[in-house]
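Worksheet: one structure, shown below.
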Amino acid sequence: MNISHIEHIGIAVKDLNQAIPYYENILGLKCYNIEEVADQKVKTAFFKVGQTKIELLEPTSEESTIAKFIANKGEGVHHIAFNVDNVANTLTEVEEKGVRLIDKAPRKGAENLMIGFLHPKSTCSVLTELCQQPEK
Ligand code: ZN
């Protein structure tokens, strides 16, 4: 695995409209993108902190894994996402090392990234996402 940097930190929130003002007015960050990912039943808001992003995740359905996370644990840090060259190869590589995968193959996430999640049972309980930048 070749991690270049932390791509983003995913944070579960109940309501983007309540969370965004904290990041903008208190932390002084700028929300540069709001995007709905229908696939994952979430609405996301992004802020840049150096080359790392903060990704706020608001559930758009009770069925969303984010809704279930908030119901169980409350709002807070949901996952950490590492940037790698190639998500498909990295998923194969870690599976061979015995890591349990949530995604057997890469899928499309917010911001056109290719993403894949590793299961928290194999990652010291931290939900871990691998991200690959879109081709330029
Ligand atoms: Zn993410």
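When a residue number appears, it is its place in the shown sequence, counting from 1. In listed order, ligands and their atoms are each counted from 1. A quick note: this is a predicted structure, and the numbers were derived from the prediction, not measured.
Here the N, O or S atom of His79 that is nearest to the Zn ion (ligand 1) is NE2. As for Glu129, its N/O/S atom nearest the Zn ion (ligand 1) is the one called OE1.
Other residues, nucleotides and ligands contribute only 12 or fewer heavy atoms inside 6.0 Å of the NZ atom of Lys14.
Within the 2.8 Å limit, His78 places no N, O or S atom next to the Zn ion (ligand 1). Taking backbone and side-chain atoms together, Glu55 has an N/O/S atom less than 2.8 Å away from the Zn ion (ligand 1).
Considering all non-hydrogen atoms of both residues, Glu111 and Glu35 come closest at N-OE1, 3.1 Å. Closest approach of Ala67 and Ser61 over heavy atoms only: CB-O, 3.4 Å.
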Requested in this report: For side chain to side chain contact (heavy atoms under 4.5 Å, CB included), just list the numbers for Leu130 and Ile115, CA-CA rounded to whole Å, side-chain angles, deciding distance to a tenth of an Å, and then say yes or no.
Outcome: CA-CA 5 Å; Leu130 304 173; Ile115 64 163; over 6 Å; no

